[in-house]
Amino acid sequence: MARRTVRSSTAGILIPVIGVAVIGYFVYHGLTGARGFYASQQLRAEVAELEQELADLRRERESLEQHVALLRPESLDPDMLEERARVLLNVAHPNDIVIMRGQR
């Protein structure tokens, strides 16, 4: 009879311990695994950062498209043409005031 109570008390303790261990295993991997909670938070932060970078690049592209549109033959802006020519040729108009800055 004593042998039976030792087995039943061991089984009574062993089953909950195994259950807690299994639950702990799944909770641990649910938090720290490759598809866990922390990885999900890190991916969300990375997505937000990349969306911000995408928005910046789209604004830059729109700005460049506007500059290109001003240089098209059908909508050529004389001021823009003169500005680009001065920059590319490194010249100035006689009435311009030029301020020389030191190199950085």
Side-chain angles (χ1 to χ4, degrees):
M1 190 85 173
R3 189 176 223 190
R4 183 172 256 187
T5 55
V6 170
R7 282 187 184 170
S8 65
S9 66
T10 304
I13 293 173
L14 189 60
I15 292 174
V17 168
I18 291 173
V20 167
V22 169
I23 290 172
Y25 173 83
F26 284 113
V27 167
Y28 174 77
H29 286 288
L31 291 174
T32 62
R35 294 186 179 103
F37 179 74
Y38 298 133
S40 172
Q41 294 297 322
Q42 186 176 11
L43 284 175
R44 285 186 185 131
E46 188 176 337
V47 165
E49 181 180 323
L50 290 174
E51 284 177 347
Q52 180 63 40
E53 184 179 342
L54 178 62
D56 293 342
L57 290 172
R58 283 185 175 157
R59 281 193 295 276
E60 183 179 348
R61 180 181 174 154
E62 288 172 5
S63 173
L64 291 172
E65 286 176 350
Q66 288 174 354
H67 280 89
V68 168
L70 292 174
L71 293 173
R72 288 203 175 108
E74 61 272 359
S75 66
L76 190 59
D77 182 14
D79 291 334
M80 182 64 133
L81 179 63
E82 182 181 359
E83 176 189 337
R84 293 305 305 156
R86 286 183 185 194
V87 168
L88 291 174
L89 298 175
N90 198 22
V91 296
H93 191 272
N95 294 334
D96 286 347
I97 298 173
V98 178
I99 301 172
M100 303 298 285
R101 294 180 3 187
Q103 292 184 4
R104 295 181 189 182

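In this text the structure is predicted, and so the values were computed from the model without any measurement. Computation of the quantities below employed the complete heavy-atom set of this structure, encompassing side-chain atoms and omitting hydrogens, waters and symmetry-equivalent molecules. We number each residue from 1, following the sequence as shown.
Screening residues 13-24 for salt bridge (Lys or Arg N to Asp or Glu O under 4.0 Å), with sequence neighbours left out, gives no hits.
Hydrophobic clustering, with ILVMFWY side chains joined whenever heavy atoms are under 4.5 angstrom apart, groups Tyr25 together with Leu14.
Residues meeting the side-chain hydrogen bond (donor to acceptor under 3.5 Å, both in side chains) test with Arg84, sequence neighbours left out: none. Judged as a side chain to side chain contact (heavy atoms under 4.5 Å, CB included), and not counting sequence neighbours, the contacts of Val22 are Ile18, Phe26. In this structure Asp96 satisfies the salt bridge (Lys or Arg N to Asp or Glu O under 4.0 Å) test together with Arg86, sequence neighbours excluded.
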Using a 3.5 Å cut-off and no angle test, enumerate the donor-acceptor pairs between side-chain atoms of residues 52-65 and protein atoms at least two apart in sequence or in another chain.
{"unit_1": "Gln52", "atom_1": "NE2", "unit_2": "Asp56", "atom_2": "OD1", "d": "3.2"}
{"unit_1": "Asp56", "atom_1": "OD1", "unit_2": "Arg59", "atom_2": "NH2", "d": "2.2"}
{"unit_1": "Arg61", "atom_1": "NE", "unit_2": "Glu65", "atom_2": "OE2", "d": "2.9"}

Quiz: residues 32-48 side-chain donor-acceptor pairs under 3.5 angstrom, not counting sequence neighbours:
{"unit_1": "Thr32", "atom_1": "OG1", "unit_2": "Tyr28", "atom_2": "O", "d": "2.8"}

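Crowding of His29 atom NE2: a count of heavy atoms from other residues, nucleotides or ligands under 6.0 Å exceeding 12.
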